[in-house]
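Accompanying notes for the structure given below.
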Amino acid sequence: MSERISTQLLAGAPARDQILDSLRTRIVQAGSPTITLATVLVGDDGPSKRYVASKHKTAAEVGIGSVQVDLPAATTQQELNEVVARLATDSTVHGILVQMPLPNHLDAEQVLRLIPADKDVDGLTSESLGRLVRGLPGHVGCTPLGVLRILEHYKIATAGQHAVVVGRSTLVGYPLSVLLARKGIDCTVTLAHSRTEGLDEICRSADILISATGIAHSITAQHIQPNAVVIDVGISRTENGIVGDVDPEGAMGRARALTPMPGGTGIMTVACLMENTVNAAVLQGVRV
Ligand code: NDP
């Protein structure tokens, strides 16, 4: 048994507020240029509506304008493609976000192909992922970027550290593994997934362990090296409320630091969307 240590909780709120405050100041200091985020929501899924509403509310709070395109659930692929294509060529729109998931009859790939990389504030298109790999200016997905911003906010050293990322989706795990390995961040990265053998041992070799599988409480004490930093990205809705991938009982007293769930990484996503929107405006010639 290793000795119990005091585990620091890495709350998302202070990191989020720092990002939003600095964006607000930056926009005001630039003379409040017009920056516009467009969202496209198809159907009336409750959680999606709430996510989109919070994006517009936060945009207004930092001085970013926004337009909201709400389409009925029965929208055809062609209708959706036309809306996105129009936003793509509209020079007054700097960022485009199509709320995922789309209803089953719609093909997200077709839609993503229509979003120019400079306007792809969700960082989901092939061009954005390619720019990430090549280290070119562009947008990193809001969830991977949020993880990086939490590490930075709490001054967690990354250079030379072994980061293990569990989960390899193109939304979270894969881009996060590339981001952490980027020059300047400099982690040595292992990317684990459902076919990984000896997952617990691999996780135990991590200085920074990040789980993004959506399997509630699957990361236990046996996955955590004493003194590791543990970042919980997974979100599972249970009858006891939202829980993460990390079993807090296993992590507290063992990890050096842990993001709570809820209250950790999830909070960062909207702030990083705002950061990407301001960067999108810069990429399109706005001085901010
Ligand atoms: P996906 O379902 O697309 O990907 C899950 C990944 O976990 C896959 O790569 C899968 O491996 C891997 N996995 C599944 N089971 C295991 C296992 N037993 N051992 C190791 N790896 C496993 O999910 P997302 O990436 O979209 O989301 C992951 C989680 O993050 C979800 O809970 C989601 O709700 C949450 N999320 C949180 C956000 C936040 O802001 N905090 C934002 C976005 C998502 P394989 O590829 O082999 O199938």
Side-chain angles (χ1 to χ4, degrees), residues 9-13 15-16 19-20 45-48 50-52 54-55 58 97-102 108-109 112 121-124 128-129 132 139-151 153 163-180 189-206 208-220 222-224 229-238 240-248 250 258-276:
L9 277 181
L10 308 177
R16 172 202 57 197
I19 293 172
L20 295 178
D45 173 62
S48 292
R50 284 196 292 280
Y51 292 145
V52 169
S54 86
K55 290 165 188 175
T58 308
L97 180 143
V98 179
Q99 185 65 37
M100 302 289 174
L102 292 170
E109 289 302 324
L112 290 176
V121 287
D122 245 353
L124 289 178
S128 293
L129 292 169
L132 172 63
H139 305 300
V140 179
C142 300
T143 303
L145 187 59
V147 169
L148 178 65
R149 293 291 179 252
I150 283 207
L151 294 172
H153 180 83
V164 173
V165 179
V166 190
R168 59 175 164 185
S169 71
T170 49
L171 180 66
V172 188
Y174 222 119
L176 180 56
S177 70
V178 176
L179 183 64
L180 292 172
V189 179
T190 300
L191 182 58
H193 45 77
S194 69
R195 305 295 299 274
T196 297
E197 288 185 13
L199 182 68
D200 50 355
E201 200 178 324
I202 289 171
C203 289
R204 265 201 316 277
S205 70
I208 302 172
L209 173 61
I210 304 168
S211 185
T213 65
I215 303 176
H217 291 183
S218 52
I219 299 294
T220 62
Q222 67 173 359
H223 297 85
I224 299 170
V229 172
V230 181
I231 308 288
D232 196 350
V233 179
I235 299 175
S236 300
R237 289 175 175 81
T238 71
N240 299 321
I242 287 177
V243 301
D245 290 356
V246 179
D247 174 12
L258 168 70
T259 55
M261 180 58 72
T265 55
I267 286 184
M268 302 300 294
T269 309
V270 177
C272 290
L273 175 67
M274 299 305 134
E275 179 179 332
N276 281 348

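Heavy atoms only: backbone and side chains are in, while hydrogens, waters and symmetry mates are out. All values reported here derive from a predicted model rather than from experimental measurement. Order of listing sets the numbers, starting from 1, for every ligand and every atom in it.
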Under 3.5 Å between some N or O of ligand 1 and some N or O of [X]?
{"X": "Thr269", "result": "yes"}
{"X": "Gly173", "result": "no"}
{"X": "Ser236", "result": "no"}
{"X": "Arg195", "result": "no"}

On a heavy-atom basis, I'd like to know which of [options] is closest to [atom].
{"atom": "atom 46 (O) of ligand 1", "options": "Met261, Arg168, His193", "result": "Arg168"}
{"atom": "atom 31 (C) of ligand 1", "options": "Gly266, Gly214, Gly264, Ser218", "result": "Gly214"}
{"atom": "atom 34 (O) of ligand 1", "options": "Val166, Leu171, Ile235", "result": "Ile235"}
{"atom": "atom 38 (C) of ligand 1", "options": "Thr143, Thr265, Ile219", "result": "Thr143"}

[atom] - nearest protein heavy atom and its distance:
{"atom": "atom 47 (O) of ligand 1", "value": "Ser194 OG, 2.5 Å"}
{"atom": "atom 28 (C) of ligand 1", "value": "Ala212 O, 3.4 Å"}
{"atom": "atom 27 (O) of ligand 1", "value": "Val172 CG2, 4.2 Å"}
{"atom": "atom 1 (P) of ligand 1", "value": "Ser169 CB, 4.1 Å"}
{"atom": "atom 30 (O) of ligand 1", "value": "Val233 O, 3.5 Å"}
{"atom": "atom 13 (N) of ligand 1", "value": "Thr213 CG2, 3.8 Å"}

- Closest non-hydrogen atom pair between Val246 and His217, with its separation: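 Closest approach of Val246 to His217, heavy atoms only: O-CD2, 3.4 Å.
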- Message: Using every non-hydrogen atom in the two residues, find where Val172 and Pro144 come nearest and quote the distance to one decimal.
- Response: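 Heavy atoms of Val172 and Pro144 come nearest at O-CG, 3.8 Å.
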Any donor-acceptor N/O pair, [X] side chain to [Y] backbone, under 3.5 Å:
{"X": "Ser54", "Y": "Tyr51", "value": "yes"}
{"X": "Asn276", "Y": "Val140", "value": "yes"}
{"X": "Thr220", "Y": "Gly250", "value": "no"}
{"X": "Thr213", "Y": "Gly167", "value": "no"}

Side chains of [X] and [Y], heavy atoms from C-beta outward: is any pair under 4.5 Å?
{"X": "Ile224", "Y": "Cys203", "value": "no"}
{"X": "Leu10", "Y": "His153", "value": "no"}
{"X": "Val189", "Y": "Val178", "value": "no"}

- Could you grab the distance from atom CD1 of Ile219 to atom CD1 of Ile210, nearest 0.5 Å is fine?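 CD1 of Ile210 is found 11.5 Å from CD1 of Ile219.
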- Message: List ligand 1 atoms under 4.0 Å from Ile215, heavy atoms only on the residue side.
- Response: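 That gives atoms 14 (C), 15 (N), 16 (C), 17 (C), 18 (N) of ligand 1.
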